[in-house]
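In what follows, a single structure is set out as structure tokens and then discussed.
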Protein chains: 2
Amino acid sequence: MSSSNQNVASQLRKLIEDGHYPQGERLGEEAVAEQLGISRTPVRLAFRTLEQEGLLKRAGKRGFMVREFTDADVHCAVEVRGVLEGLAARRLAEHGVSSQQREEFEFWIHKGREVLDKGYLVEEDIQSWIELNWHFHELIVCSAGSGVIADAISRNNHLPFAAAASIVIDKGKLSHEYRKLQLAQLHHELIFQSLVNGEGARVEMLMREHALIGIRYSELL
Amino acid sequence: MSSSNQNVASQLRKLIEDGHYPQGERLGEEAVAEQLGISRTPVRLAFRTLEQEGLLKRAGKRGFMVREFTDADVHCAVEVRGVLEGLAARRLAEHGVSSQQREEFEFWIHKGREVLDKGYLVEEDIQSWIELNWHFHELIVCSAGSGVIADAISRNNHLPFAAAASIVIDKGKLSHEYRKLQLAQLHHELIFQSLVNGEGARVEMLMREHALIGIRYSELL
DNA sequence: TTTCTTTCTTTTGGATCCAAAGTAAAGGCT
DNA sequence: AGCCTTTACTTTGGATCCAAAAGAAAGAAA
């Protein structure tokens with residue numbers, strides 16, 4: 001069971017997200033090390049990384065505990081992503097979209113149409129959407145002209161419920177999710193329009209609203 | 001020379017900010033450990049922390065290097081703080097300001113008036129302003145009802161040029177800086193007004209503009 | 001002379017050990 | 001019996017050691 005340093009952080013992240021360690025539980029270095037079959041050293045390194053990511057927090061004088069998240073935290077994390085992606089989009093609009101970026105946008109928008117054009121969703125579509133959605137957002141963030149915004153978003157996305165991929169929740173009610181993705185696709189296309197038109201204020205507002213799909217639209221669609 | 005784990009990160013942060021290690025320079029664990037008079041272990045831990053903070057980045061397959069920042073990075077870091085503090089302020093406005101928070105705001109605004117009322121700046125005023133300014137911003141961020149926003153801002157503030165404290169730059173031209181702080185004070189008071197009036201949109205806009213004082217107002221004031 | 005390969009050096013990752021700090025527990029005192 | 005003190009145990013922080021990987025340098029072949 002080889003585990004390079006970053007891999008340990010990933011494993012721990014997954015264990016926490018999967019609820020293997022309940023929120024608020026205290027994590028001992030020794031215990032975690034034993035569970036992963038490694039020594040304490042890489043665990044200690046991973047703890048520092050996870051602490052910065054906000055998944056762990058210091059438990060008093062000694063050790064770490066799994067951070068507890070309130071509903072307000074979830075809402076805020078989504079809003080944080082909204083304002084940051086909004087900032088990235090506005091900068092891109094103000095700076096201008098290159099022809100290559102334009103093509104990439106069109107490619108991922110086309111992919112989105114492909115998923116939705118048949119009028120309903122199947123299981124595989126969810127993974128397709130997650131991927132194209134990720135690429136679309138990544139394209140905006142990476143085109144903002146500075147890694148600082150990308151970093152801030154990336155750090156925020158370490159909170160599992162904050163990432164853009166968390167749009168699709170309920171795999172049971174696919175017909176219900178279809179309308180959600182339909183709206184998300186509409187957002188994508190509006191955002192693309194605004195970007196190429198250089199409408200900074202509008203694209204920022206659209207991005208911010210787009211981020212809220214996961215938490216404020218569920219009961220309405 | 002005792003150096004607890006977090007202290008090592010602080011020391012390294014300071015060394016980097018002071019330009020002791022030039023941007024782009026590769027940092028060896030052994031070398032840094034020797035300079036700080038400690039062993040490699042705490043240095044390795046600190047590197048992971050600094051990496052997450054964005055001050056270090058991985059140098060290829062092996063080791064870390066001091067991250068290089070462009071002008072765009074500086075600008076973005078300030079804008080990131082602006083949108084995040086703006087989000088925090090809007091949430092506070094929408095949620096309502098408690099009477100205790102109101103008193104604290106009034107206290108720090110009063111402190112600001114004290115600094116500026118005599119009509120000019122002296123050396124000591126700078127430190128006073130940095131402190132009251134910090135408290136004012138901290139009050140907004142911590143009142144947003146979720147640690148997630150505070151964390152995001154805190155992480156961004158690890159970039160030295162991004163922190164709100166970086167408003168005062170030139171200690172030589174104090175008369176020049178006076179007008180800047182005068183405007184900042186005006187912002188603070190407008191922000192306070194909007195907050196207590198529940199004007200979410202306005203206070204968000206004000207906070208965002210307020211963040212830009214450090215980079216967009218210098219040549220105009 | 002250039003390039004590919006092999007060897008050697010440097011540096012990092014992981015494991016283990018020791019000391020120090022924290023916490024829990026036991027015992028003594030009021 | 002309750003509380004304080006002292007003791008024992010647990011857990012973390014730092015140092016050192018070893019192995020593996022990356023990089024550099026040297027040597028051989030074309």
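Chain letters run A, B, ... following the sequence lines, proteins first, then strands; residues in each count from 1. Both backbone and side-chain heavy atoms feed into the values below; hydrogens, waters and symmetry mates do not.
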Nearest-Å distance for atom pair CE/P, residues A:Met65 and C:dT23:
14 Å

May I ask you to evaluate whether A:Ser39 reaches the phosphate of C:dA15, defined as a side-chain N or O under 4.0 Å from OP1 or OP2?
yes

Under the salt bridge (Lys or Arg N to Asp or Glu O under 4.0 Å) definition, can you give me all pairs with a residue in residues 12-25 of chain B, not counting sequence neighbours?
B:Arg13-B:Glu53

What's the CD-P distance between A:Glu34 and D:dT11, to the nearest Å?
11 Å

Atom pair distance, as rounded to whole Å: CD in B:Glu30 and P in D:dT16
10 Å

To the nearest angstrom, the CZ-C1' distance between B:Phe64 and C:dG13 comes to 11 Å

Across all chains, not counting sequence neighbours, the side chain to side chain contact (heavy atoms under 4.5 Å, CB included) partners of A:Phe161 are A:Phe69, A:Val74, A:Ala77, A:Leu159

To the nearest Å, give me how far apart CG (A:Asn7) and P (C:dG13) are.
13 Å

Given that B:Thr41 and B:Gly63 both sit by DNA chain C, which one's nearest nucleotide is further toward the 5' end?
B:Gly63

What residues 21-28 of chain B contributes to the DNA chain C interface at heavy-atom separation below 4.0 Å is B:Arg26, B:Leu27, B:Gly28

Could you note down all residue pairs passing side chain to side chain donor-acceptor pair (under 3.5 Å) where residues 36-50 of chain A supplies at least one of them, sequence neighbours left out?
A:Glu29-A:Arg40

Just how far, in rounded Å, is C1' of C:dT16 from CD1 of A:Ile38?
14 Å

Its contact letters, B for base, S for sugar-phosphate only and - for none at protein heavy atoms under 4.0 Å, make nucleotides 17-23 of chain D read B---BBS

With sequence neighbours left out, what residues match B:Thr70 under side chain to side chain contact (heavy atoms under 4.5 Å, CB included)?
B:Ala72, B:Asp73

Any strand is fair game: report the nucleotide pairing with D:dT7 by Watson-Crick or G-U wobble, both distances under 3.5 Å, or none.
C:dA24

Aromatic plane relationship, A:His187 with A:Tyr217 - under 30° parallel, 30 to 60° tilted, over 60° perpendicular
perpendicular

Sequence neighbours excluded, the answer for salt bridge (Lys or Arg N to Asp or Glu O under 4.0 Å) partners of A:Arg26 is none

A:Arg216 meets the salt bridge (Lys or Arg N to Asp or Glu O under 4.0 Å) criterion, sequence neighbours left out, with none

Does the side chain of B:Leu195 come within less than 4.5 Å of B:Gln101's, by heavy atoms?
no

By side chain to side chain contact (heavy atoms under 4.5 Å, CB included) - contacts of B:Val43 (at least two apart):
B:Val32, B:Ala33, B:Ile38, B:Phe47

The complete set of salt bridge (Lys or Arg N to Asp or Glu O under 4.0 Å) pairs with one or both residues in residues 130-152 of chain A, sequence neighbours excluded, reads A:Asp151-B:Arg67

Among residues 43-57 of chain B, which residues get a heavy atom nearer than 4.0 Å to DNA chain C?
B:Arg44, B:Arg48

Please list all pairs passing the ring-ring contact (aromatic ring centres under 6.0 Å, His included) test where one or both residues lie in residues 7-35 of chain B, with sequence neighbours left out.
none

